[in-house]
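What you see is a predicted model; the values in this text were computed from it and never measured.
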Number of protein chains: 2
Amino acid sequence: MKLGQATIKDIARELNVSSSTVSRALKDYPGISFETKKKVKDLAEKLNYRPNAIALSLRKSKSFTIGVIIPEVVHFFFSTVISGIEEVAFKNGYNVILCQTNEKLEREINCVETMLSNQIDGLLVSYSKETTDFSHFINLIDMEIPVVFFDRIPNIKNAVNVTVNDFSGGYQATKHLIDQGYRRIAHLAGPSNLAISKKRKEGYLAALSDSGISIDENLIVECPSANEKESFEICLRLFKDPINRPDAIFAHHDIVAAGAMMAIKSLGLRIPEDIGVVGFSNWQFASMIDPPLTSVLQPGIQIGEKATKILLEMIQNKDINHQEISNVVLDTELLIRKSSVKNY
Amino acid sequence: MKLGQATIKDIARELNVSSSTVSRALKDYPGISFETKKKVKDLAEKLNYRPNAIALSLRKSKSFTIGVIIPEVVHFFFSTVISGIEEVAFKNGYNVILCQTNEKLEREINCVETMLSNQIDGLLVSYSKETTDFSHFINLIDMEIPVVFFDRIPNIKNAVNVTVNDFSGGYQATKHLIDQGYRRIAHLAGPSNLAISKKRKEGYLAALSDSGISIDENLIVECPSANEKESFEICLRLFKDPINRPDAIFAHHDIVAAGAMMAIKSLGLRIPEDIGVVGFSNWQFASMIDPPLTSVLQPGIQIGEKATKILLEMIQNKDINHQEISNVVLDTELLIRKSSVKNY
DNA sequence: TTGTACGCGTTATCAA
DNA sequence: TTGATAACGCGTACAA
């Protein structure tokens, strides 16, 4: 018995018909006698025949595969996005091939190469923190390969972007802290080359402005690595001066917020009585820490679904009007928990 | 077909040589004049030539792709495993195609079909909670397609399994609680059809036994869904009776532990003073919750790496001795934090 | 040193 | 109603 899978040729040989007949019979093409059709289908069943997707790809110049490039899988938000992507792709008969960059530009370029070699029909990307030159993506777009950016979106002509309303998320978060009576609200900002960092910060600034609170540059600190350790240390410094210290923190995301909370606790300060805290993304742990963390919900699954739906549309209908879909912005929602409400 | 993807034929035509010459020149085959080689390579560079992986797959009957089937991406442990898988696969020039089952058997079978159609060279699997019949996997093994199971491993002849020592993890956790002076230790067990649930429970039982503590069946409760809500409710019931209530919890995993912690707090009990808690898997949030949760480290990245290395070995060397690698067990490590140490 | 021919699995096209 | 052929892109045995 031959290794591997039965092919159309195997069926044809065994039944003494041509492979085209088998192909047509299997696909219920008109003009095949009922008899032949039955013979073929029965044998196919018996041999456990399965069409070879690789051969199909070659024949049709279409791989039914979409590529996904993300910074890292081990990141709650990205894992939810992947989940949404996989879900929609699977339902539409597309495969997902996955590549993580570990936030390295070199690796990212390498991933794009791999994707190209593998003839992906389209690509979903959230680029790395190191990426400032987008030519490897622009090349793809120039080759007319559909590309959709999500979450971290570049400023590229003809790019299609899916993201949440980071500005409004930042605004909501900050406004909420103001409404709760906090006045010296610090912002732990994200890496400055990411548009999301800029947007969240702008939302923060706008909320302060709108409430007539003057902006104190000392209260805005960038967290380039955006991990809990970095944020812990930054906060220790930030809280050193008891006079000028902030009374609330709006963090770029929940991990940063968690680091801040640890710093606050380690200084013997109370959350939310002394310091209020709001995060971003609503990581899984947000509701489980103590006190539960108020956070801006960033609907990862929906982002993944939406981005994939758009990508599939672009793949299936090349003449789609890019202008209309070039910037999809999903709504955020503030999930209020104890970390920011004094009388919760 | 994507515009601008140059093929060997394009190069051949332009240079007035045969495509075999181009093919050979590109791969530095002997017997090609330096001159031709240079011409070909230069033009390839200029045209941005990239070998078509699909054509190569067909030609070589090898896809350089491995499939990964997991219950869900949005699960910290699995996301770490995927990360390890992707890392090793990428380094070895293999692609990763991903399929999640959402814990559904039907979907799982469907995923296997997809993988087969796509001619994966090998498969990594952690099966769904619903799966009790493994014939869809056994078929693969019978077809001599390399399959490696990780974390959730079946009892199948010739299967290759990679897992952590769940028994010893359960034992460590329980022993630690005993050493801390806890005596009425409850176990919130995982879904009963998973070997990992059984193993962790056996470790728990053995530790009690070895310490001469009698086993109270009322203190062992299964959590079939293993989410925080379920565990919260189970714990409320478990703690209703102030006389017979447990003084510690060993949970199947950290999410279950987190649910338990919420229940404990909501009843006004203190952790670890009144109730000690130990989880499993060391989810990312374990160190961030209050009090930080003692947990059994389950090295997901290493599991992913190890499983992939073994799979690639099986793919590249069909004559490998399965007996020797049929059961790889990685060590767990107990990370002791405040949730289980009264005088931390 | 280079070219020809074939096959990997499939299907569209034309011919019978 | 069915068959033969070519083509998708590539590599390679064989021929020149």
Side-chain angles (χ1 to χ4, degrees), chain A residues 2-41 43-44 47-65 93 116-121 143, chain B residues 1-41 43-44 47-65 93 114 116-121 143:
Chain A
K2 189 186 151 196
L3 283 179
Q5 323 207 11
T7 74
I8 282 189
K9 281 189 184 171
D10 296 328
I11 298 177
R13 198 179 317 116
E14 191 142 338
L15 295 179
N16 275 317
V17 294
S18 74
S19 43
S20 12
T21 301
V22 175
S23 172
R24 285 184 281 231
L26 287 172
K27 319 196 82 188
D28 279 327
Y29 266 47
I32 295 285
S33 73
F34 178 78
E35 205 185 348
T36 319
K37 219 182 263 185
K38 174 144 176 42
K39 270 196 318 190
V40 169
K41 287 191 171 178
L43 186 56
L47 296 182
N48 229 310
Y49 169 79
R50 215 174 304 279
N52 182 324
I54 303 244
L56 276 171
S57 297
L58 190 59
R59 183 82 232 288
K60 303 206 167 165
S61 299
K62 183 155 170 20
S63 62
F64 289 96
T65 297
L116 268 174
S117 271
N118 283 281
Q119 316 293 113
I120 47 153
D121 292 337
M143 293 165 79
Chain B
M1 187 55 208
K2 286 95 200 168
L3 301 167
Q5 286 272 44
T7 73
I8 280 188
K9 279 188 185 170
D10 297 327
I11 298 177
R13 198 179 316 115
E14 189 142 339
L15 294 179
N16 275 316
V17 295
S18 75
S19 45
S20 31
T21 300
V22 175
S23 170
R24 285 185 279 232
L26 287 171
K27 319 197 80 190
D28 279 329
Y29 263 48
I32 297 285
S33 73
F34 179 77
E35 206 185 347
T36 319
K37 220 182 262 184
K38 175 146 176 40
K39 273 197 317 191
V40 169
K41 286 189 172 179
L43 185 57
L47 295 183
N48 230 311
Y49 169 78
R50 215 175 302 280
N52 181 324
I54 302 245
L56 278 172
S57 297
L58 192 58
R59 179 87 228 294
K60 302 201 171 171
S61 300
K62 182 155 170 23
S63 62
F64 290 94
T65 297
T114 303
L116 268 174
S117 271
N118 282 281
Q119 317 292 116
I120 48 152
D121 292 338
M143 292 165 79

CD1 on B:I32 to NZ on B:K39, rounded to 0.5 Å: 11.0 Å
Length of the line joining A:I11:CD1 and D:dG3:C1', which is rounded to integer Å: 17 Å
First encountered from the 5' end of DNA chain C, between B:K37 and A:R59: B:K37
Given DNA chain D, 5'-ward residue of the pair B:K9 and B:K60, judged by closest heavy atom: B:K9
Below 4.0 Å: OP1/OP2 of D:dC8 and any side-chain N or O of A:S57: no
Phosphate contact (C:dG3 OP1 or OP2) by B:T21 side-chain N/O below 4.0 Å: yes
Point-to-point distance, once rounded to the nearest 0.5 Å, from OG of B:S63 to CG of A:N118: 9.5 Å
Closest-nucleotide ordering on DNA chain C, the 5'-leading residue of A:S23 and B:V22: B:V22
B:Y29 side-chain N/O to C:dT2 phosphate OP1/OP2 under 4.0 Å: no
Spacing of A:F64 atom CZ relative to C:dG9 atom P, expressed in whole Å: 20 Å
Protein-nucleotide distance (B:I54, atom CD1; D:dC10, atom P), rounded to Å: 11 Å
Nucleotide C:dT1, atom C1' - distance to NZ of B:K38 in whole Å: 19 Å
Residue-phosphate contact under 4.0 Å: B:Y49 side-chain N/O, D:dC10 OP1/OP2: yes
Nearest listed nucleotide, side chain of A:N52, among D:dT1, C:dT11, C:dG9: C:dG9
Face-on cation placement of A:K38 at A:F34 ring, 6.0 Å and 45° thresholds: no
Sugar-phosphate only, base, or nothing, as touched by B:T36 at under 4.0 Å among non-hydrogen atoms: sugar-phosphate
Distance, nearest 0.5 Å, that separates CE of B:M143 from CG of B:L116: 5.0 Å
Sugar-phosphate, base or nothing in reach of B:F34, heavy atoms under 4.0 Å: nothing
Atom pair distance, as rounded to whole Å: CG in B:L58 and C1' in D:dC8: 9 Å
Between P of D:dG9 and CG of A:N118, the distance in whole Å: 15 Å
Validation row: B:Y49, B:L43 side chains within 4.5 angstrom (heavy atoms): no
Separation of atom NZ in B:K39 from atom P in C:dT1, rounded to whole Å: 14 Å
Length of the line joining B:L15:CG and C:dT2:P, which is rounded to integer Å: 11 Å
Closest to the B:T7 side chain, choosing from D:dG11, D:dG9, C:dC8: D:dG9
Check: B:V22 and B:R13 side chains under 4.5 Å, non-hydrogen atoms: no
N/O (side chain, B:S18) to phosphate O (OP1/OP2, C:dG3) under 4.0 Å: yes
Polar pair under 3.5 Å, donor/acceptor by atom type, side chain A:S20, base C:dT10: no
Presence of donor-acceptor pair under 3.5 Å, side chain of A:R24 and base of D:dG3: yes
